[in-house]
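First up is the structure itself, then whatever we jot down about it.
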Amino acid sequence: MKKLICTLILIIGLAPAFAQESTKADDITTLIFVRHAEKLDDGTKDPSLNEKGVMRAEKLSDLLQQNYDLKAIYSTGYKRTLETSTPISKKTGLEINQYGLSNPDSLINDIIELHKGQQVLIMGHSNTTPNLVNTALGKQTFDQLDESEYDNIFEVKIDAAGNATVKRYKYWTQGRE
């Protein structure tokens, strides 16, 4: 009987710690940064996606839908970023929020504040994506992507205290499925 009482006291004593741990998991904000898919080389400053880019955008939307519970989508206003974001927008029913790049710190802080504890997609470019990832991390970690790199996903997790960690993944390229 004494052993049973001691076990119950131990369990009751640990219950708040387990409850606090689950609350912490709910406080994790996940920002998923992706560069737009392959674009046409049409000589304009605002090209659409090419055929490979359209296929990549579809594959990306499948991957995002399978692995994340997105609550928001952000994209610059360029055709290539909007066209890369559109398939996941259609699958999730989420609107694409367009953003500007005049104040990256404010942008990231606003997204974190608006979507605390949620998973958010942020679509960008070869130079802006690493810059925004660095802003979310609070330190210079990544350089501009090579113009030929379209297969990176940067997953930044930010806890309630503002501590950020990042994982970088590669995803589908033509010929691999």
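Values below: all heavy atoms of this structure, side chains included; hydrogens, waters and symmetry mates excluded.
Qualifying salt bridge (charged side-chain N to carboxylate O under 4.0 Å, His left out) partners for E113, counting only residues two or more places apart in sequence or in other chains: K116. Residues passing the salt bridge (charged side-chain N to carboxylate O under 4.0 Å, His left out) test with D110: none are found, sequence neighbours excluded. Listed by chain and number, the residues in a salt bridge (charged side-chain N to carboxylate O under 4.0 Å, His left out) with D69 are K71 (sequence neighbours excluded).
Considering every non-hydrogen atom in both G53 and A37, the closest pair reads O-CB, 3.3 Å. Across all their heavy atoms, A164 and V156 have their closest contact at CB-CG1, 4.2 Å. Closest approach of N97 and A72 over heavy atoms only: ND2-CB, 4.4 Å.
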(message) Is there a side-chain contact (heavy atoms from CB on, under 4.5 Å) between I153 and L63? Walk through the geometry before answering.
(response) CA-CA 11 Å; I153 294 177; L63 183 142; 3.6 Å; yes

(message) Show, in sequence, the C-alpha distance, side-chain angles and deciding distance for L121 and L94, and conclude whether the side-chain contact (heavy atoms from CB on, under 4.5 Å) test is met.
(response) CA-CA 11 Å; L121 172 64; L94 296 170; over 6 Å; no

(request) List the steps and the verdict of side-chain contact (heavy atoms from CB on, under 4.5 Å) for K79 and K39. (result) CA-CA 9 Å; K79 289 178 190 174; K39 61 187 177 185; over 6 Å; no

(message) Pair T29, I111 - check side-chain contact (heavy atoms from CB on, under 4.5 Å), show working.
(response) CA-CA 10 Å; T29 303; I111 290 172; over 6 Å; no

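Residues L70 and L60 share a single hydrophobic cluster, defined by chaining ILVMFWY side chains whose heavy atoms lie under 4.5 Å apart. Residues I73 and V133 do not share a hydrophobic cluster, clusters being chains of Ile/Leu/Val/Met/Phe/Trp/Tyr side chains in contact below 4.5 Å. Both V166 and V120 are assigned to one and the same hydrophobic cluster, defined by single-linkage of ILVMFWY side chains at heavy-atom distances under 4.5 Å. I158 and Y68 are members of different hydrophobic clusters when ILVMFWY side chains are connected at heavy-atom separations under 4.5 Å. Residues I112 and L114 fall within the same hydrophobic cluster, defined by Ile, Leu, Val, Met, Phe, Trp and Tyr side chains chained together at heavy-atom separations under 4.5 Å.
The closest side-chain heavy-atom distance from P130 to L145 is below 4.5 Å. At least one side-chain heavy atom of Y74 sits less than 4.5 Å from a side-chain heavy atom of H115. In this structure, the side chains of V34 and Y171 come closer than 4.5 Å at one or more pairs of heavy atoms. When side chains are defined from C-beta on, I96 does not count as touching T81, because their heavy atoms never get closer than 4.5 Å. Counting heavy atoms from C-beta outward, H36 and Y78 have side chains that stay 4.5 Å or more apart.
Remark: R168 fails to qualify as a cation-pi partner of F33 under the 6.0 Å distance and 45° angle criteria applied to the six-membered ring.
With rounding to the nearest 0.5 Å, the separation of CZ in F154 from CG in L132 is 11.0 Å. Considering CG of D42 and OG of S48, their distance stands at 7.5 Å, rounded to 0.5 Å. With rounding to the nearest 0.5 angstrom, the NE2 atom of H125 is 6.5 Å from the OG atom of S75. One finds the CE atom of M55 at 5.5 Å from the CD atom of E51 (value rounded to the nearest 0.5 Å). Once rounded to the nearest 0.5 Å, the distance linking CG of L64 with NZ of K59 reads 13.5 Å. Atom CD of E83 is separated from atom CZ of R80 by 10.0 Å, given to the nearest 0.5 angstrom.
In this structure, a donor-acceptor pair under 3.5 Å is absent between the side chains of E149 and S126.
With N163 contributing its side chain and D159 its backbone, the two residues share no donor-acceptor pair below 3.5 Å. Checking side-chain atoms of T92 against main-chain N and O of I88 turns up a donor-acceptor pair under 3.5 Å. Panel note: side chain N152, backbone K170; no donor-acceptor pair is recorded below 3.5 Å.
At most 12 non-hydrogen atoms from other residues, nucleotides or ligands lie less than 6.0 angstrom from CG of D41.
Sequence neighbours left out, the pairs with a member in residues 130-139 that pass side chain to side chain donor-acceptor pair (under 3.5 Å) are N134-Q140.
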Only distances under 3.5 Å count here; give the side-chain donor-acceptor pairs of residues 98-105 to other protein atoms, sequence neighbours excluded, each with its distance to 0.1 Å.
{"from": "Y99", "atom 1": "OH", "to": "M123", "atom 2": "O", "distance (Å)": "2.8"}
{"from": "N103", "atom 1": "OD1", "to": "D105", "atom 2": "N", "distance (Å)": "3.4"}
{"from": "N103", "atom 1": "OD1", "to": "S106", "atom 2": "N", "distance (Å)": "3.1"}

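Classification of R35 and E147 as a salt-bridged pair holds, one side-chain N sitting under 4.0 Å from a carboxylate O.
Through side-chain heavy atoms spaced under 4.5 Å, either directly or across other Ile, Leu, Val, Met, Phe, Trp or Tyr residues, V54 is tied to L49.
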